[in-house]
2 protein chains.
Amino acid sequence: MMSTTDTETYTVDAIMDTIESNNYHIYFEDSLTALRTFVANGNYSRFFVLTDENTAQYCLPLLREKLGDPENFDLIEIPAGEESKDIDFCIGVWKMLIDFGADRQSLLINLGGGVISDLGGFAASTFKRGIDFVHVPTTLLSQVDASVGGKTGIDIDSIKNIIGTFTQPKAVFIEQQFLKTLPARQILSGNAEMLKHGLICDEEYWNLLKTSDLENPTAALVYKSVQIKNKIVLEDPHEKNIRKALNFGHTIGHAVETWSLINDKDSLSHGEAIAIGMICEAYLAHKKTGLSAAELEEITRTLTNLYPRYELKMEHSATLLEYMLKDKKNQNGKINCTLLSTIGQFNIDNVCTNDELLEGLNYYASL
Amino acid sequence: MMSTTDTETYTVDAIMDTIESNNYHIYFEDSLTALRTFVANGNYSRFFVLTDENTAQYCLPLLREKLGDPENFDLIEIPAGEESKDIDFCIGVWKMLIDFGADRQSLLINLGGGVISDLGGFAASTFKRGIDFVHVPTTLLSQVDASVGGKTGIDIDSIKNIIGTFTQPKAVFIEQQFLKTLPARQILSGNAEMLKHGLICDEEYWNLLKTSDLENPTAALVYKSVQIKNKIVLEDPHEKNIRKALNFGHTIGHAVETWSLINDKDSLSHGEAIAIGMICEAYLAHKKTGLSAAELEEITRTLTNLYPRYELKMEHSATLLEYMLKDKKNQNGKINCTLLSTIGQFNIDNVCTNDELLEGLNYYASL
Ligand SMILES: NC(=O)c1ccc[n+]([C@@H]2O[C@H](COP(=O)([O-])OP(=O)(O)OC[C@H]3O[C@@H](n4cnc5c(N)ncnc54)[C@H](O)[C@@H]3O)[C@@H](O)[C@H]2O)c1
Ligand SMILES: NC(=O)c1ccc[n+]([C@@H]2O[C@H](COP(=O)([O-])OP(=O)(O)OC[C@H]3O[C@@H](n4cnc5c(N)ncnc54)[C@H](O)[C@@H]3O)[C@@H](O)[C@H]2O)c1
Ligand SMILES: [Zn+2]
Ligand SMILES: [Zn+2]
C-alpha cells in the first residue's frame with residue numbers, strides 16, 4: 001500500500017489516471033467500483049466469473065462484495081497452477097459456458113493470475129466466435145504483465161501458449177488489495193517483469209525500483225510498469241518489432257525455466273528464471289551492444305541480491321540451447337535476443353551464436 | 001463447365017476477374033496457377049495441406065501437379081464428414097503442426113469442403129496466435145459460401161460452430177475442375193445457397209438460376225454467387241446487421257437440419273434443409289413483409305421441383321421451435337428471421353411468433 005512517505009520519494013505520477021490501451025481502459029483508482037459500473041452499463045445478458053481455487057478463496061469475496069452479486073452471475077472454477085492452462089481445461093470452460101447457456105451478449109470476468117487471464121481470454125475470444133471479457137488480475141505478474149497487451153494462450157502437451165489469439169479485453173481492473181494474500185515468492189516473480197520494464201525503457205524507474213521495498217510494491221510502481229508495457233504493446237500489437245523489447249531476459253530465461261520445470265523438484269518461478277536470463281543477457285549486451293561494464297555489474301548485483309542463487313550446470317547447456325532453438329520466437333534456426341545498449345534502452349533482433357549464448361550462461365554460472 | 005451456348009445466355013460477366021475481399025483476393029481464372037505464384041512468392045518457411053480422405057483422393061493429385069510439390073510440403077488428413085469438425089480433430093491438427101515443426105511463417109492450405117475450411121481456418125487462426133492460411137474449396141457449397149467471409153468454426157458435443165474466430169484467409173482459389181468428382185447430392189446442397197443469393201439480392205441471378213442446369217453449375221454462376229456473398233460480408237464482417245441477409249431460410253432450415261440429423265437414417269443435406277427453410281420463410285415473408293402470392297408460388301415451385309420432398313410432421317414442430325430458440329443467432333428468447341419483401345430484396349430482424357413459425361412449417365407440410 002502507498003504511504004505518505006513513499007509518495008514523496010516517487011518520481012512517478014502519484015495520480016493514477018485510467019490508462020488508455022488498444023480500445024479499452026485499464027483502471028487503477030477504486031477499480032472495483034469501475035468494474036461495478038462497467039457491469040451495470042454494459043448491456044450484457046449474463047456474467048461469468050472464471051477463478052482458480054485460490055482466487056475463489058482469496059479474491060472472489062471482495063469482488064462479490066463490490067459487485068453486490070448481480071443477477072445472472074455464474075462461477076467457473078479451475079484448479080490453480082499452470083497445468084490448468086491446458087486445452088482440456090479450456091474445453092471444460094467452453095462446456096460450462098454452453099451448459100450455463102452463455103449467449104453472445106455474455107461477459108466473462110477473469111479473476112486471477114496470468115493462467116486465468118490467458119485461458120479465460122482464449123476461451124472467450126473463441127466462444128461463439130468471440131464474447132466480451134475483462135481481466136481482474138490478482139497476481140503482481142498478471143497486473144504488470146499478463147493482463148495488458150491482448151495475448152491470450154493455452155498449452156498443449158505442456159507446450160506453453162502454443163494455441164492462442166491476439167484479442168483485447170474490454171477493460172482491465174487493477175486492484176492493489178488482491179496482492180495482500182499473494183505469497184512472497186509470487187510477488188518476487190512479478191518483480192522481475194517490473195525490473196525488466198525499467199531496464200529496457202526507463203532508467204529512472206529502474207533506479208526507483210532498486211531502492212524500493214519490492215516485497216510490498218506500491219500501486220504507483222505497478223502503475224508505472226503498466227504504463228511502460230502498454231506503451232510498447234500499443235505501438236506493436238502483433239509483435240512484429242518493438243514489442244520484442246519485452247523479451248529481454250526471456251530467450252535464456254525461458255530455456256532455464258523449462259529446464260527447471262522438467263528437472264527440479266521445486267522448480268523456478270517465471271520471474272526467478274527471467275532474473276537469471278536478464279543477468280546472462282546483460283552480459284551479452286555488454287559483449288555485443290555496448291552495455292558498460294559498470295551497468296552489467298549493477299544489474300548483476302541488484303538481481304543476485306533479490307533472487308536466490310540457482311545452480312546452472314554447464315554440462316546441461318546443450319539442452320538449454322535446444323530449448324532456445326525450439327522457442328516460437330525464433331526462426332530459421334537462429335536464436336534472437338533483445339539486448340540493452342544502456343540501462344533504459346533496448347535493441348531487438350540480435351542474433352546470438354551458440355558460443356555467445358554459452359558465454360552468457362557461463363557468466364551467470366561462474367558468479 | 002461453361003459452354004459457348006451457355007455463355008451467350010448469361011447476363012453475368014463472362015470475364016471472371018479476381019474478386020477483392022477483406023484484404024485478400026478470391027481467384028477464379030486459372031486459380032491453381034495463381035496459388036502456385038502465391039506459394040512461390042509468399043516468403044513462407046513451410047507448407048501444410050489439410051485434406052479429408054476424399055479430397056486427398058480426388059483433389060490432391062491436381063494440386064500436387066499444379067504446384068509441382070514445393071519443398072517443405074507436408075500433408076495432414078482427417079476423415080471425411082462433419083464429425084471431423086470436432087475439437088478432438090482440431091487438437092489432432094494442432095499436434096500434427098507441432099510435430100511437423102510448423103513455425104509462424106508456415107502456411108496452411110485448406111483443400112476441401114466447408115469442414116476443411118472451417119476447421120483448418122480455426123486451427124491456423126489460433127496456432128501460435130495465428131499463422132496464414134488459404135482456402136482451396138472443392139465442394140460447390142464451400143466455393144459459393146464457406147470459403148468466403150472469414151468465419152472459422154469447430155463443433156463441441158455436436159454443437160455446430162460453437163467455437164470459432166473471425167479470421168480472413170490470405171487468399172481463396174476457386175477451381176471449377178474439382179466439382180467434377182463431387183456427388184450430385186453435394187452439388188444440389190450448394191445450389192441452395194446460390195438460389196438464396198439470388199432471392200435475397202439479385203432477381204436477375206435468380207431468374208438465370210431457374211433456367212440453368214444446376215447439376216452442372218458453370219463457373220460464371222459460381223462467380224456471381226461469390227460476388228453476392230462477398231459484397232454482403234464486406235459490408236458487415238462481424239455479422240452485426242446486413243450479413244444476417246445470408247440467414248434467409250436458415251432459421252427454420254437449421255432446425256429442420258438438426259431434427260433430421262438426429263432422427264433420420266439418411267439425413268437431409270444442409271442445402272436440402274435450407275431449401276425447406278426458404279419455402280417456409282417465403283411463406284412468412286408473404287404474410288409479414290410483402291412478398292407477393294405469385295412470388296411465393298414461384299419460389300415454392302422452383303424449390304420443390306429441385307429438391308426431394310421431405311415429410312415434415314407437425315407433431316414434431318414443438319421440438320423444431322426449441323431448436324430455433326437455442327440457435328446462437330437468437331437472443332432474449334425471441335426468434336428472428338430474415339425475410340424477403342420481394343425477390344431480390346431482403347429484410348432482417350423480423351421477430352416471428354411461435355404461431356407464425358408453425359404456420360410457416362405447416363405451409364410446407366401441406367404442400
Ligand atoms: N498474456 C501475456 O501477455 C502473459 C504475460 C506474462 C505471463 N503470462 C502467463 O501468465 C501465467 C503466469 O501468471 P501468474 O504468475 O499470475 O500465475 P497464476 O495465475 O498461476 O498465479 C500464481 C498462483 O497465485 C495464486 N493466486 C492468484 N492470485 C492470488 C491472490 N490474490 N492471493 C493468493 N493467491 C493468488 C494462483 O492461484 C496461483 O496458484 C503463465 O501461464 C504465463 O504464460 C501471460
Ligand atoms: N464458414 C462459413 O461461412 C460456412 C458457410 C457455410 C457452411 N459452412 C460449413 O461448411 C460445412 C459443410 O461444407 P460442405 O458441404 O463442403 O461439407 P464437407 O466439407 O463435409 O464436404 C462434403 C463431402 O464432399 C466430399 N468432397 C469434398 N470435395 C470433393 C470433391 N471435389 N470430390 C468429391 N468429394 C468431395 C467431402 O469429403 C465430404 O464427404 C459445414 O460444417 C458448415 O458449417 C461454413
Ligand atoms: Zn515474462
Ligand atoms: Zn447455409
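Labels below follow one simple rule: chain letters A, B, ... track the order of the sequence lines, proteins then strands, and each chain is numbered from 1.
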note = Turns out that what part of B:Ser125 lies under 4.5 Å from chain A's heavy atoms comes down to backbone
request  = Check the pair A:Lys85, A:Asp118 against salt bridge (Lys or Arg N to Asp or Glu O under 4.0 Å), reporting the backbone distance first and the verdict last.
outcome  = CA-CA 8 Å; A:Lys85 240 176 82 174; A:Asp118 277 13; 2.8 Å; yes
inquiry  = Counting only non-hydrogen atoms closer than 4.5 Å, does B:Leu97 touch chain A with its backbone (N, CA, C, O), its side chain (CB onward), both, or neither?
reply    = neither
request  = Mind telling me whether B:His238 and B:Phe166 have parallel, tilted or perpendicular rings, with 30° and 60° as the class edges?
outcome  = perpendicular
ask   = Quick one: what part of B:Ile87 sits under 4.5 Å from any heavy atom of chain A, side chain, backbone, both or neither?
value = side chain
task = Specify whether A:His270 and A:His254 have parallel, tilted or perpendicular ring planes, treating 30° as the upper limit for parallel and 60° as the lower limit for perpendicular.
result = tilted
query = Which residue out of A:Lys95, A:Lys326, A:Arg129 racks up the most heavy-atom pairs below 4.5 Å with chain B?
reply = A:Arg129
query = Are B:Ser147 and B:Ser142 close enough that a side-chain donor and a side-chain acceptor fall under 3.5 Å?
reply = no
ask   = Heavy-atom distance under 4.5 Å to chain A: side chain of B:Ile98, backbone, both or neither?
value = side chain
key: Heavy-atom proximity to chain B below 4.5 Å, by part of A:Thr152   = backbone
key: Any donor-acceptor N or O pair under 3.5 Å, side chains B:Ser45, B:Asp103   = yes
